[in-house]
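Only one structure is covered here, and it is reproduced in the block below.
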Amino acid sequence: MKNKIEEALRECGEEVFYGRARFKDRDLWDCIVYGKRRMQKLEGRKGKKKKWFVAIIKEDEITEELEQKVIKTMREAGFKRTDGDVVYEYVETSGACVVEICTMEFYKIEKDCNV
């Protein structure tokens, strides 16, 4: 599933990293970071709901078009967005610029006998 997500997110035209991105000594902050969030056993059914996060990181501002592109790309890869909030955070990089981070969650249900 990890490789499927990475392939899909690369279509958004940004660098993609799993788990976290290292920003020390980087010139550009723009990228997408994704990773596992949690797994839930489904009540009354044999299967699990796997949740993943996707964080878009951009210097200055994340465009609404990029946010929508990520959502569409994940949907096309077979994931649904959770009902949770999209979270925005801002980080100042040594006074050079402000970085905007947009984090959203997606999930996919997997049928499985061994939950």
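Computed from a predicted model, the values in this text were never measured in an experiment.
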Are [X] and [Y] side-chain neighbours, meaning at least one heavy-atom pair lies under 4.5 Å?
X	Y	result
V16	C31	no
V98	V91	no
W52	K2	yes
W29	E15	no
V99	Y90	no

Quick check for you: to the nearest 0.5 Å, what is the distance between [X] atom [atom1] and [Y] atom [atom2]?
X	Y	atom1	atom2	value
C12	L66	SG	CG	6.5 Å
E100	T63	CD	OG1	9.5 Å
K108	K48	NZ	NZ	12.5 Å

Tell me whether the guanidinium CZ or amine NZ of K51 lies under 6.0 angstrom from the six-membered ring centre of Y107 and within 45° of its axis.
-> no
May I ask you to say whether E65 pairs ionically with K69, meaning some side-chain N is under 4.0 Å from a carboxylate O?
-> no
What about the rings of F53 and Y34, do their centers lie closer together than 6.0 Å?
-> no
List the steps, then state whether side-chain contact (heavy atoms from CB on, under 4.5 Å) holds for I5 with F106.
-> CA-CA 11 Å; I5 294 171; F106 297 88; over 6 Å; no
Quick one: list whatever passes salt bridge (Lys or Arg N to Asp or Glu O under 4.0 Å) with K58, sequence neighbours left out.
-> E14, D30
Can you sort out the partners of E105 under salt bridge (Lys or Arg N to Asp or Glu O under 4.0 Å), two or more places apart, ordered by chain and number?
-> R37, R38
Check against side-chain contact (heavy atoms from CB on, under 4.5 Å), E110 and K50 | CA-CA 8 Å; E110 294 181 355; K50 284 191 171 180; 3.8 Å; yes
Between side-chain atoms of residues 80-89 and protein atoms elsewhere (two or more places apart, or another chain), which donor-acceptor pairs fall under 3.5 Å?
from	atom 1	to	atom 2	distance (Å)
R81	NH1	G84	O	3.4
T82	OG1	G84	N	3.3
Y88	OH	E67	OE1	2.8
Y88	OH	E67	OE2	3.3

Give a yes or no answer on whether the side chain of K49 reaches the backbone of K41 with a donor-acceptor pair at less than 3.5 Å.
-> no
Minimum heavy-atom distance between [X] and [Y], given as atom pair plus value:
X	Y	answer
A55	T103	CB-OG1, 3.7 Å
Y18	G35	CE1-CA, 3.9 Å
A8	T73	O-CG2, 2.9 Å

So with a 6.0 Å cut-off around CE of M39, is the heavy-atom count from everything else above 12?
-> no
Kindly determine whether I56 and I101 satisfy side-chain contact (heavy atoms from CB on, under 4.5 Å), including the steps that lead there.
-> CA-CA 6 Å; I56 305 167; I101 304 167; over 6 Å; no
